[in-house]
**Student:** 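Sharing a structure here in structure tokens format.
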Amino acid sequence: MVPYLMVSLVGEQPVPNLLPPRYEKVDKVLFVYTDRTKSVYQRVKPLLECETDGCEVPPYEMQTIRDTLCQRIVASGIDRHHVVFNLTGGTKPMAFAAYGLATQFGSPFVYLQSEGGRSVLFRFSFAGGNEVSVQKVELPALITIDDYLRVHLGRYIEAGAKGRFEALVGEALEPAVDELKSGVDYEGRLEIDLVLRCGNQVGIAEVKGGRRADKSGIDQLVAAADPRFLGTYVHRFWIVAASPSRGNLELARAHHIDVIQIPSGLGSFLSDEDRQTLIGTVRRHLVGTA
């Protein structure tokens, strides 16, 4: 069987370097990173079963990037028609350089789009000359929550639900999502009440029971979505029993956090209406449907 090589540009978001190689089932991945994204490459590498290699390039020197990639592809011994370029990450000059090589070699290239609860891979191929054909495929589930946390954080601890309301919310959501983890802790620097997954889409939730919905949950979600932690594309939910103040609601919306109020959480069980609201809101954002 002829080996296939994927040349994958590494940006600050690691998932685009994880899903395409798993879907394409390539034999080897050459990760192209900068001094700023080397740590992303180091976290992605152990999560792939195929052979991997990496090369560091200057982020904005397009000719140097192109020359480096060309040399590494030739040195790999893999026929250029069995090379596919993943252009999802990296800087724009990195993408321009890689696209130029794809055009020169007549190699296909892919781009991953993740939005609306879907992970869609666009595959572009040169049919003849400069004519390009496009295939679009919605990716099946290719990651677990463990993959997602490890590729973003490295090590973490799952401690479980801390309180009654958090446990009730987790029990209500567990049958409605593909996977759920409770009480995720990252080196004491970041604590997340719930991590949820539907397909390749991951969400995090801060769950606040009691009669006060203070802004600490919002602060925690904002911190978790920092590029240093779980990245800007993670879906965020603030699940509260009490009514948040108008100011906190506006603050949550400003940070693209979905607020889910569960009034029955002040009691000993969740009402059917609140369970439907909870499940419907989460699935609408992680799957695209209620």
**Student:** So, using side-chain hydrogen bond (donor to acceptor under 3.5 Å, both in side chains) as the criterion, who are the partners of D214 when residues are at least two apart?
**Tutor:** S216

**Student:** Does any N or O in the side chain of D53 come within less than 3.5 Å of the main-chain N or O of L30, such that one atom is a donor and the other an acceptor?
**Tutor:** no

**Student:** Do the side chains of R36 and E12 get nearer than 4.5 Å, heavy atoms only?
**Tutor:** yes

**Student:** Let's go through C55 and L69 carefully: what are the C-alpha distance in whole Å and the side-chain angles of both, what is the deciding distance for side-chain contact (heavy atoms from CB on, under 4.5 Å) to 0.1 Å, and is it a yes or a no?
**Tutor:** CA-CA 9 Å; C55 68; L69 295 186; 4.3 Å; yes

**Student:** Might you point out which heavy atoms bring A161 and S182 nearest each other, and give the distance in Å?
**Tutor:** N-CB, 3.6 Å

**Student:** Is atom CD of E273 surrounded by more than 12 heavy atoms (other residues, nucleotides or ligands) closer than 6.0 Å?
**Tutor:** no

**Student:** Using only atom types and a distance under 3.5 Å, with no angle test, would you say the side chain of S107 pairs donor to acceptor with the backbone of A102?
**Tutor:** no

**Student:** Enter the distance from L149:CG to E158:CD here, rounded to the nearest 0.5 Å.
**Tutor:** 9.0 Å

**Student:** Can F237 and I204 be said to form a side-chain contact (heavy atoms from CB on, under 4.5 Å), step by step?
**Tutor:** CA-CA 6 Å; F237 304 97; I204 56 175; over 6 Å; no

**Student:** Going by distance alone, is a donor N or O of one side chain under 3.5 Å from an acceptor N or O of the other, for E179 and T144?
**Tutor:** no

**Student:** With the side chain counted from C-beta on, respond yes when V57 and T64 share a heavy-atom pair under 4.5 Å apart, and no when they do not.
**Tutor:** no

**Student:** For the residue pair W238 and D258, establish whether any side-chain heavy-atom pair is separated by less than 4.5 Å.
**Tutor:** no

**Student:** Would you call I260 and V240 a side-chain contact if the rule is heavy atoms closer than 4.5 Å?
**Tutor:** no

**Student:** Which heavy atom of P263 sits nearest to which heavy atom of Q261, and what is that distance?
**Tutor:** CD-O, 3.4 Å

**Student:** Testing the basics here: between S268 and R164, what is the closest heavy-atom pair and its distance to 0.1 Å?
**Tutor:** CA-NH1, 4.0 Å

**Student:** Hydrophobic clusters here meaning ILVMFWY residues chained together by side-chain heavy-atom distances under 4.5 Å, can you tell me if Y233 and L286 are in one?
**Tutor:** no

**Student:** Distance only, no hydrogens: is a donor on one side chain within 3.5 Å (strictly under) of an acceptor on the other, for E138 and S119?
**Tutor:** no

**Student:** Supply the atom-to-atom distance L153 CG to R43 CZ, rounded to the nearest 0.5 angstrom.
**Tutor:** 7.5 Å

**Student:** I'd like to check the side-chain hydrogen bond (donor to acceptor under 3.5 Å, both in side chains) partners of R228; sequence neighbours left out, ordered by chain and number.
**Tutor:** D226

**Student:** Would a line drawn from the ring center of Y156 to the ring center of Y186 be shorter than 6.0 Å?
**Tutor:** no

**Student:** Applying side chain to side chain contact (heavy atoms under 4.5 Å, CB included), name anything that partners Q42, two or more places apart in sequence or on another chain.
**Tutor:** K38, S39

**Student:** Okay, side chain of R197, backbone of D146: is any donor-acceptor separation there less than 3.5 Å?
**Tutor:** no

**Student:** Between Y99 and F85, is there a side-chain heavy-atom distance shorter than 4.5 Å?
**Tutor:** no

**Student:** Using the side-chain hydrogen bond (donor to acceptor under 3.5 Å, both in side chains) criterion, which residues pair with E24? Sequence neighbours excluded.
**Tutor:** R123

**Student:** Suppose we screen for side chain to side chain contact (heavy atoms under 4.5 Å, CB included). Which residues come up paired with V222, at least two apart in sequence or across chains?
**Tutor:** I218, H255, I257

**Student:** Do F109 and F124 make the cut of ring centroids closer than 6.0 angstrom?
**Tutor:** yes

**Student:** Counting C-beta onward and ignoring hydrogens, is there a side-chain heavy-atom pair between V84 and V7 closer than 4.5 Å?
**Tutor:** no

**Student:** Keeping T91 on the side-chain end and M94 on the backbone end, is there a donor-acceptor pair under 3.5 Å?
**Tutor:** yes

**Student:** Checking F165 now: which residues fulfil side chain to side chain contact (heavy atoms under 4.5 Å, CB included) with it, not counting sequence neighbours?
**Tutor:** V169, V207, I239, A241, I262, L270

**Student:** Counting distance only, does the side-chain N/O of N86 pair as donor-acceptor with the main-chain N or O of N17 below 3.5 Å?
**Tutor:** no

**Student:** Test of understanding: clusters of I, L, V, M, F, W, Y form through side-chain heavy atoms closer than 4.5 Å, transitively. Do L101 and M62 belong to the same one?
**Tutor:** no

**Student:** Who pairs with E49 by salt bridge (Lys or Arg N to Asp or Glu O under 4.0 Å), at least two apart in sequence or on another chain?
**Tutor:** none

**Student:** Can you get from V137 to V110 by hopping between Ile, Leu, Val, Met, Phe, Trp and Tyr side chains that sit under 4.5 Å apart?
**Tutor:** yes

**Student:** Please lay out, stage by stage, how R22 and I143 fare under the test side-chain contact (heavy atoms from CB on, under 4.5 Å).
**Tutor:** CA-CA 9 Å; R22 284 186 171 180; I143 60 172; 3.8 Å; yes

**Student:** Would you name the heavy atoms of L190 and Q220 that are closest together and state the gap between them?
**Tutor:** C-NE2, 3.9 Å

**Student:** In Å and rounded to the nearest 0.5 Å, what is the CG to CG distance from L173 to L168?
**Tutor:** 11.0 Å

**Student:** If you count the non-hydrogen atoms of other residues, nucleotides and ligands that lie under 6.0 Å from CZ in R212, is the total more than 12?
**Tutor:** no

**Student:** Output yes when a side-chain donor or acceptor of T281 lies under 3.5 Å from a complementary backbone atom of L278, and no otherwise.
**Tutor:** no

**Student:** When you compare the side chain of L249 with that of V259, does any pair of heavy atoms fall below 4.5 Å?
**Tutor:** yes

**Student:** For L9 and A98, work out which heavy atoms get closest and say how close.
**Tutor:** CD1-CB, 4.1 Å

**Student:** What residues form a side-chain hydrogen bond (donor to acceptor under 3.5 Å, both in side chains) with H81, not counting sequence neighbours?
**Tutor:** D79

**Student:** Look at the side chain of H152 and the backbone N and O of Y148, then say whether any donor-acceptor pair between them is shorter than 3.5 Å.
**Tutor:** yes

**Student:** List for me each residue that meets side chain to side chain contact (heavy atoms under 4.5 Å, CB included) alongside Q63, sequence neighbours excluded, and say none if there are none.
**Tutor:** R66, D67

**Student:** Using the salt bridge (Lys or Arg N to Asp or Glu O under 4.0 Å) criterion, which residues pair with E166? Sequence neighbours excluded.
**Tutor:** K162

**Student:** Spell out, yes or no, whether V134 and V120 are grouped together once hydrophobic residues are joined by side-chain heavy atoms under 4.5 Å, including indirect joins.
**Tutor:** yes

**Student:** Got a second to check how far H235's NE2 is from C198's SG, nearest 0.5 Å?
**Tutor:** 9.5 Å

**Student:** Verify, without hydrogens or angle tests, whether D193 (side chain) and G183 (backbone) share a donor-acceptor contact under 3.5 angstrom.
**Tutor:** no

**Student:** Taking it one step at a time, do H285 and V282 satisfy side-chain contact (heavy atoms from CB on, under 4.5 Å)?
**Tutor:** CA-CA 6 Å; H285 290 280; V282 167; over 6 Å; no

**Student:** Sequence neighbours excluded, which residues qualify as salt bridge (Lys or Arg N to Asp or Glu O under 4.0 Å) partners of E191?
**Tutor:** none

**Student:** Between CG of L139 and CZ of R118, what distance do you get to the nearest 0.5 Å?
**Tutor:** 10.5 Å

**Student:** Just wondering, are more than 12 heavy atoms of other shown residues or ligands nearer than 6.0 Å to OH in Y23?
**Tutor:** no

**Student:** List in chain and number order the residues that pass salt bridge (Lys or Arg N to Asp or Glu O under 4.0 Å) with D219, two or more places apart in sequence or in another chain; answer none if no residue qualifies.
**Tutor:** K215

**Student:** For P108 versus V83, what's the shortest heavy-atom pair and its separation?
**Tutor:** CD-O, 3.3 Å

**Student:** Is a side-chain N or O of R283 found less than 3.5 angstrom from the main chain of V177, in a donor-acceptor match?
**Tutor:** no

**Student:** What is the distance from atom CD of Q135 to atom CZ of F122, rounded to the nearest 0.5 Å?
**Tutor:** 12.0 Å

**Student:** Side chains of V32 and S8: closer than 4.5 Å at any heavy-atom pair?
**Tutor:** no

